[in-house]
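Data first, discussion second: the structure below is written as C-alpha cells.
In what follows, chains are A, B, ... by sequence order, proteins preceding strands, each numbered from 1. Please read all numbers here as calculations on a predicted model, not as lab measurements.
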Number of protein chains: 2
Amino acid sequence: MAAARLMVQARGYNALSFRELAKEVGIKSASIHYHFPTKDDLAVALARRYTEDLVLHLQNVASKSKDAHERMTAYAEIFRGALLRSNRMCLCGMLAAERDDLSPQVQEEVQKFNAANVAWLSEVLAACDPHQSPDALERRAFAILSAVEGAQLVARGCGDVRVYDRTIDAYRSAGLMP
Amino acid sequence: MAAARLMVQARGYNALSFRELAKEVGIKSASIHYHFPTKDDLAVALARRYTEDLVLHLQNVASKSKDAHERMTAYAEIFRGALLRSNRMCLCGMLAAERDDLSPQVQEEVQKFNAANVAWLSEVLAACDPHQSPDALERRAFAILSAVEGAQLVARGCGDVRVYDRTIDAYRSAGLMP
DNA sequence: ACCTGAACACCGTTCAAGT
DNA sequence: ACCTGAACACCGTTCAAGT
C-alpha cells in the first residue's frame, strides 16, 4: 500500500499498474488481486489510510502548539512535503481530478478526507475569530483547503516548490489564512 | 480535437483512449495516428488550442467591462462553466495533476496557460491597486489562479457546483480577489 | 491462506497495404 | 493525402492449479 500510494501521488490512479506495483513489491500481479480484488478496492483502501494518517498528524500538530499561525504553517507544510517528495500531489487531490474514473465508494472517501481537513481547519479558525458563526468558519475552512490544494496543483505543474511558497505567502498577506 | 478535449477534461489524459476517441469521431484508431503520431502530440495540440481559446475569451471579457469586480466574476465564470458541463475540469489543471505522465513539451504548454492567466489577472489587479509593484501584482495573480483551480478541483470532488460558488465567495470576502 | 501461469479483452503504437 | 487491418507488448481481471 505504501508503494501504491507513492505511485498514485506521482502519476495518478489511471497510471498505476498492477504489474508495475507487483514488480516493486516482489510478487506477481495476480497475487495483488488476492488482497485487493479490483483496482478500485485498492483505491478505497489507499484513500482511507491516507485520511487516517492525516488525522493522526493533525492531532499531533494541534497538541504541539495552540497558536493559529503556527498551526496553519504546519498545515501548509503537509502539502509542501508532498511536493518536496519528488513533486508529488495530495492523494485525494489526485483522486478528485480523476473522479470520473472512480467508483462512488472512492469518491466517498475523498469527501471524508475533505471533511477531516475542514473540521480541523474550522477549529483553528475558531480560536482566531471566536465571534464567527460555525457556518462561516466552515466556509472559510473549505476555502483554505481549496486554495492550498490549488497552490499544490499549480506549483506541481511548474515543478517548483518556491511557487507554492510564494502562493501561500500571498494567501496570508491577502488575509485568507492566519 | 473537440471530442478529445472533452474526454480529457472529464476523465483525464491517461483515461483517454485512441480507440474510444476514434469510435466517437467515426474513424479507426490507427487513423488518428496519422494526424497525431503519438498520444503526446495530441496532448500538446489540445493544450495549445485550449490556451488560445482562453486568451480570445479573456480579451472579449476585458473589452466588455473595465470594472475589476465584473471582470473577476467573468473569470470565475470560466472555471464554473467547466463544472457545469458535466462536472469537467480545466484541461491544464488536469494535465498539471498528470504531469509525470506527460512530455516536457506538454508541461511547457501548461506553463504558457498559467502565464496567460497570470498576465491577464495582473492587468485586472493593476486597475485596482495602481501603486502595487509589478512583482506583487504577479504574485497575487498567481495566487488567484491557484485558488480558483483549487476551488474547481475540490468542488469537482464534491460533485457540487455550489461548493465552488461558496468558495469563490469566501475568497472574495477574505480579500483575496476583487 | 497466499501465490502463480495462462487466458481474456483492452490499450498505444507501428507498418505494410489500400484508395 | 488519408485511411485501414493486423501485429506487437502492454493493461486489469479471472480462474484453475499449486503450496
What pairs of donor and acceptor atoms, side-chain ones from residues 69-76 of chain B against any protein atom, are under 3.5 angstrom apart with sequence neighbours left out?
residue	atom	partner	partner atom	Å
E70(B)	OE1	S65(B)	OG	2.9
R71(B)	NE	S65(B)	O	2.5
R71(B)	NH2	A62(B)	O	3.0
R71(B)	NH2	S65(B)	O	3.1
T73(B)	OG1	H69(B)	O	2.9
T73(B)	OG1	R172(B)	NH1	3.3
T73(B)	OG1	R172(B)	NH2	2.9
Y75(B)	OH	N117(B)	OD1	2.6

## Note on the structure
The answer to which of Y34(A) and K28(A) contacts DNA chain C further toward the 5' end, by nearest nucleotide, is Y34(A)
### Task
Say whether, by atom type as modelled, one donor and one acceptor occur between the side chain of Q152(A) and the main chain of M89(A) under 3.5 angstrom.
no
### Message
Tell me whether R88(A) contacts the main-chain N or O of A82(A) through its side chain, where contact means a donor paired with an acceptor under 3.5 Å.
### Response
no
### Query
OP1 or OP2 of dT4(D) sitting under 4.0 Å from any side-chain N/O of S31(B)?
yes
### Task
Look at H35(B) and dC3(D) and indicate whether a side-chain polar atom (N or O) is within less than 4.0 Å of OP1 or OP2.
yes
Interatomic distance where [atom1] belongs to [X] and [atom2] belongs to [N] [whole Å]:
X	N	atom1	atom2	result
D101(A)	dC11(C)	CG	C1'	14 Å
I32(B)	dT14(C)	CD1	P	14 Å
K39(A)	dC10(C)	NZ	P	17 Å
H33(B)	dT13(C)	NE2	P	5 Å
I27(A)	dG18(D)	CD1	P	20 Å

### Task
Pick out which of R80(A), M177(A), E77(A) makes a side chain to side chain contact (heavy atoms under 4.5 Å, CB included) with I168(A).
M177(A)
### Query
Pick one: which of D53(A), L54(A), V61(A) meets side chain to side chain contact (heavy atoms under 4.5 Å, CB included) with H57(A)?
V61(A)
### Rounded distance (nearest 0.5 Å) linking atom CZ of F18(A) with atom NZ of K39(A)
7.0 Å
### Message
What's the separation between atom CE in M94(A) and atom OH in Y13(A), rounded to the nearest 0.5 Å?
### Response
13.5 Å
### Message
With the threshold set at under 4.0 Å for non-hydrogen atoms, list the residues of residues 11-24 of chain B touching DNA chain C in residue-number order.
### Response
L16(B), S17(B), F18(B), R19(B)
### Task
Anything below 3.5 Å on both distances counts as a pair; with that, list the stems of at least three consecutive Watson-Crick or G-U pairs involving DNA chain C.
C:4-8 with D:12-16, C:12-16 with D:4-8
### Task
Measure across T167(A) and A151(A) and return the closest heavy-atom pair with its distance rounded to 0.1 Å.
CG2-CB, 3.8 Å
### Message
Please check if the number of heavy atoms outside Q132(A) that lie under 6.0 Å from its CD is greater than 12.
### Response
yes
